[in-house]
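Chain identifiers are assigned alphabetically (A, B, ...) following the order of the sequence lines, protein sequences preceding nucleic acid strands; residue numbering begins at 1 within each chain.
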Protein chains: 2
Amino acid sequence: MSPRRADPRTRPALVDIAARLLAEEGPQALSTRRLATEADSSTMAVYTHFGGMSGLVREIVHEGFARLQRHLTHVRQTDDPVADMALLGRAYRHNALANPHLYAVMFGGASLAGFSLTEEDRQHGRYTLGNVVKCATRCFEAGRFRAEDAELVAHQMWSAIHGLVTLELGDYLIAPYDAERCFEAQLTALMISSGDDLDSAARSVALSKERMPLEVEG
Amino acid sequence: MSPRRADPRTRPALVDIAARLLAEEGPQALSTRRLATEADSSTMAVYTHFGGMSGLVREIVHEGFARLQRHLTHVRQTDDPVADMALLGRAYRHNALANPHLYAVMFGGASLAGFSLTEEDRQHGRYTLGNVVKCATRCFEAGRFRAEDAELVAHQMWSAIHGLVTLELGDYLIAPYDAERCFEAQLTALMISSGDDLDSAARSVALSKERMPLEVEG
DNA sequence: GCTTAAAACATATCGGCGTTATGTAATACT
DNA sequence: AGTATTACATAACGCCGATATGTTTTAAGC
């Protein structure tokens, strides 16, 4: 009374193929039949391994959050915590722009397609705020931010930058108020509203821009 | 050589039904067959009047932007332009929460389903920024905001509040950092980053909260 | 080592989707 | 009155997710 073993290659293969299809062709390329074709199997594989299409999507969303987490963790701490914070914002945006379809599914897929994320799934998203919270605390300790709730500051960063990124991905930000310009302004504004000086904020944001290509990559 | 006249009731009926279905049951309830059933017609009506499902969706998105525009226009000017600005933010959020599925299609539908918005469609969205730009200018003139680019300020408001609203609609904001709390903080932070005093900003935001139920309705 | 239960898959099918092809009825101009 | 043109109905095509029903493989129990 023992079951047949699954081919250990099929499950990760399905995830890989699905992630590639999502990245290259968008969400409408994610179908059981397409996956079966690309994986040289039948549509049933998706059901045995993930219980359906939404299960596979959830798996990919998990990976998306993990990738975001990795991006944020790669930002090193320096003696300018405000610049570190700005770099966290840049890393967040960089990750979203590098995986636009995935990002759309992570944050917009809940209400749109049939895909509905679990509360546990969303917890993954909130977990990535930890890096930002820690950085905000360091900004307090350095006297750069008003001593307020670090988590609240993190949520403000998240909202503002997430909003900018989604507008950017939706092509709502065009010249002369393009995403680049709005983003730089947004970063500075966030630091100012958290208590930093106008000049210090501008300096730190500029500094984070120089560190950008070195510490953030896909 | 003259055509048959369309029943003048069918087209608006389709839009009404579609809007209701979207609001009550979400985007997956929008299907040609479902519409045909509800309108007691055939699936062809959608094609003759809108050229397909996406055309009908675009029509509804237009209406969504018009409704948003109406909400923002109903905010009256007072002698406290910062409170007016905060009330614009409240009206924006109120509209989004009152029509969550529609809002999701307006800003997230581009990349997700098959629906793709035209550049003209997006222009409707940007047009609603006009109210905010005007209000920002009044904040400059009142000496409450640093004299900077009014359109840039409007874009920052938009990004930040849009981001908060999408996170809220995606159930990413939960207690103790729920949407209500984050939103109030976000409003104040936006006023501060634009140049207003900490205390004045808090006062104006509080003032806007009192005006809220009177001037903003669905 | 055979039996057997259970899991991994394949095949076929169902209902639903957007869309298109084809047919029919109605209208307003020539 | 004739006719072109459009509105709409019906039916079909090719997708989709999902399920039901085999079929094969595996490992545990005897």
In B/S/- notation (B base, S sugar-phosphate only, - none; protein heavy atoms under 4.0 Å), nucleotides 2-11 of chain C written 5' to 3' is --BBBBBBBB
Check for a donor-acceptor pair, side chain of B/R138 on one end and backbone N or O of B/M85 on the other, with a separation under 3.5 Å.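 Not confirmed, B/R138 side chain does not pair with B/M85 backbone.
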Taking A/D40 for its side chain and A/A36 for its backbone only, find out whether a donor-acceptor pair lies under 3.5 Å. no
Quick test of your reading of the model: are [X] and [Y] salt-bridged, counting only N-O distances below 4.0 Å?
| X | Y | result |
| --- | --- | --- |
| A/R33 | A/E38 | no |
| B/R11 | B/E59 | yes |
| A/D121 | A/R126 | no |

Does a nitrogen or oxygen in the side chain of B/Y47 sit under 4.0 Å from OP1 or OP2 of C/dT19? yes
Across the strands shown, which category fits [X] at heavy-atom distances under 4.0 angstrom: base, sugar-phosphate, nothing?
| X | answer |
| --- | --- |
| A/L30 | sugar-phosphate |
| B/L35 | nothing |
| B/S31 | sugar-phosphate |

To the nearest Å, how far apart are [X] [atom1] and [N] [atom2]?
| X | N | atom1 | atom2 | answer |
| --- | --- | --- | --- | --- |
| B/L56 | C/dT19 | CG | C1' | 15 Å |
| B/Q28 | D/dC16 | CD | C1' | 14 Å |
| B/R33 | D/dC16 | CZ | C1' | 12 Å |

So B/F65 and B/Y127, do their side chains get closer than 4.5 Å, heavy atoms only?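 No, their side chains stay 4.5 Å or more apart.
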